[in-house]
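The chains referred to below are lettered A, B, ... by the order of the sequence lines, with proteins before strands, and numbering in each begins at 1.
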Amino acid sequence: MPELPEVADALRRINRFVRGRTIVAVSTHHPSVARHLPPAARRRLVGRTVTTLQRLGKHQLFHLDDGSVLLAHFRMTGDWAIARPGTALPPFARVVFTFDDDVRLVLVDPRVLGTITHHPADAPPTLDLGPDPLSRRFGAALLAEQLRSRRGPLKTVLLDQRVIAGLGNIYVAEALWHAQLDPRRASNTLHATECARLAHAIQAVLRAAPGGRYWERQTSDELWQVYDREGEPCRRCGAAIERFTQGGRSTYFCERCSREGTREGT
DNA sequence: AGGAGCCTGCGC
DNA sequence: GCGCAGGCTCCT
């Protein structure tokens with residue numbers, strides 16, 4: 001379930017169960033996660049206390065009392081669940097951390113693409129992330145600078161975590177629709193007014209995000225303006241939403257609105 | 001830039 | 001069955 005708002009929401013949900021607690025056991029329930037968190041790492045984690053939780057883009061950092069870091073990434077389908085003492089593990093439980101109060105933190109991840117790794121204090125993880133779109137310093141000027149530094153299509157550039165940290169396929173589509181920009185446009189050709197529109201749109205869609213577990217809620221047609229709405233009428237102009245592939249991923253956009261937006265932006 | 005790989009589940 | 005999936009890395 002990972003884009004920035006969902007990761008932030010997941011951390012918020014688990015915070016009170018995890019912060020200040022000491023790990024008494026770690027178990028993996030799939031070879032794929034065991035590869036990233038081998039027996040030696042699991043042993044090292046036992047006895048450690050979680051001091052603080054931190055989000056950097058879509059990465060989650062659990063800072064431990066010995067200065068080491070537990071780094072988690074949900075990828076496509078990861079999420080946290082809390083299993084109270086005596087309760088069964090949820091379906092698709094892949095990693096289980098048991099704390100000193102018998103509460104368990106569970107990585108739920110059907111596709112098992114998520115990763116959890118442990119980094120000793122003397123070898124912290126290097127993440128190479130661009131600015132966070134929800135940080136105070138993010139705005140038109142910073143976005144313009146980032147977009148000028150690349151030359152690929154807007155959609156691809158915005159998905160690059162080194163340019164902006166936290167945007168994924170859904171919110172890029174939504175932000176570009178709001179800003180009325182064509183995903184195929186070269187990122188270094190945007191004018192100042194277009195950058196301003198896009199910066200505003202990015203923050204707006206992230207702030208308005210439905211939070212965690214959105215796939216459990218309504219249908220995507222009710223949730224999004226363009227994402228997963230191929231062939232449906234654009235809510236701004238009524239034209240059919242189009243889908244095509246960009247960098248191996250689906251891009252949804254409204255042609256007519258992009259054309260209008262380009263005219264306004266020049 | 002494009003494609004394969006990592007993995008599994010779901011909807012058609 | 002087949003194609004698709006919210007991410008990211010590595011390889012032509």
Problem set entry | Atom-to-atom span, CG of A:D79 to C1' of B:dT8 - whole angstrom | 16 Å

Exercise. Can you check whether A:Y227 has a side-chain N or O nearer than 4.0 Å to OP1 or OP2 of C:dG6?
Worked result: yes

For this session: Please state how far atom NZ in A:K155 lies from atom P in B:dG2, giving the value in whole angstrom units.
Result: 12 Å

Exercise. Roughly how many Å is it from CG in A:L4 to P in C:dG6, rounded to a whole number?
Worked result: 17 Å

Problem set entry | Taking every non-hydrogen atom, the tightest pair across A:V108 and A:P90 | CG2-CG, 3.7 Å

Exercise. For A:Q161 and C:dC8, is the shortest distance between a side-chain N/O and OP1 or OP2 below 4.0 Å?
Worked result: yes

Exercise. Which nucleotide sits closest to the side chain of A:V112: B:dT8, C:dA5, B:dA1?
Worked result: B:dT8

Problem set entry | Who pairs with B:dG3 - Watson-Crick or G-U, where each distance is under 3.5 Å | C:dC10

For this session: May I ask you to verify if any side-chain N or O of A:R94 is less than 4.0 angstrom from the OP1 or OP2 atom of B:dT8?
Result: no

For this session: Name the closest nucleotide to the A:H73 side chain, picking from C:dG6, C:dA5, C:dG7.
Result: C:dG7

For this session: Could you check how far CG of A:L159 sits from C1' of B:dG2, rounded to whole Å?
Result: 15 Å

Seminar exercise, completed: Between CD of A:E230 and P of C:dG3 the distance, given in whole Å, is 15 Å

Problem set entry | Selection from B:dC6, C:dG6, B:dT8 that lies nearest to any side-chain heavy atom of A:L113 | B:dC6

Problem set entry | Whole-Å P distance, B:dG11 and C:dG6 | 16 Å

Exercise. Are A:Y227 and A:Y171 an aromatic pair by the rule of ring centers under 6.0 Å?
Worked result: no

Seminar exercise, completed: For A:K58 and A:L167 the tightest heavy-atom approach is NZ-O, 3.1 Å

Exercise. With sugar-phosphate meaning primed atoms plus P, OP1 and OP2, does A:S250 contact a base, only sugar-phosphate, or nothing at under 4.0 Å between heavy atoms?
Worked result: sugar-phosphate

Problem set entry | Under 4.0 angstrom between A:K58 side-chain N/O and C:dC8 OP1 or OP2 | yes

Seminar exercise, completed: Side-chain atoms of A:P153 come closest, of B:dA1, C:dG6, B:dT8, to B:dA1

For this session: Would you mind classifying the nucleic acid contact of A:G168 as base, sugar-phosphate or nothing, using non-hydrogen atoms under 4.0 angstrom?
Result: sugar-phosphate

Exercise. When the distance from CZ of A:F74 to P of C:dC8 is rounded to whole Å, what number comes out?
Worked result: 13 Å

Exercise. Tell me: NE2 of A:H29 to C1' of B:dT8, nearest whole Å?
Worked result: 18 Å

For this session: Could you state the atom-to-atom distance from CG of A:L107 to C1' of C:dG7 in whole Å?
Result: 14 Å

Exercise. Between C:dC4 and B:dG3, how far is it from one P atom to the other, in whole Å?
Worked result: 13 Å

For this session: Go through the side-chain N and O atoms of A:Q54 and A:H63 and say whether any donor and acceptor fall under 3.5 Å apart.
Result: yes

For this session: Indicate, yes or no, whether a donor-acceptor pair under 3.5 Å links the base of C:dA5 to the side chain of A:R111.
Result: yes

Seminar exercise, completed: Against the side chain of A:P110, the closest entry in C:dA5, B:dG9, C:dG6 is B:dG9

Problem set entry | B:dT8 OP1/OP2 closer than 4.0 Å to side-chain N/O of A:H30 | yes

Problem set entry | Donor-acceptor under 3.5 Å (A:Q246 side chain, A:P183 main chain) | yes

Exercise. Can you find a side-chain donor-acceptor pair between A:D65 and A:T51 that sits under 3.5 Å?
Worked result: no

Problem set entry | Separation between the P atoms of B:dA4 and C:dG3, rounded to whole Å | 13 Å

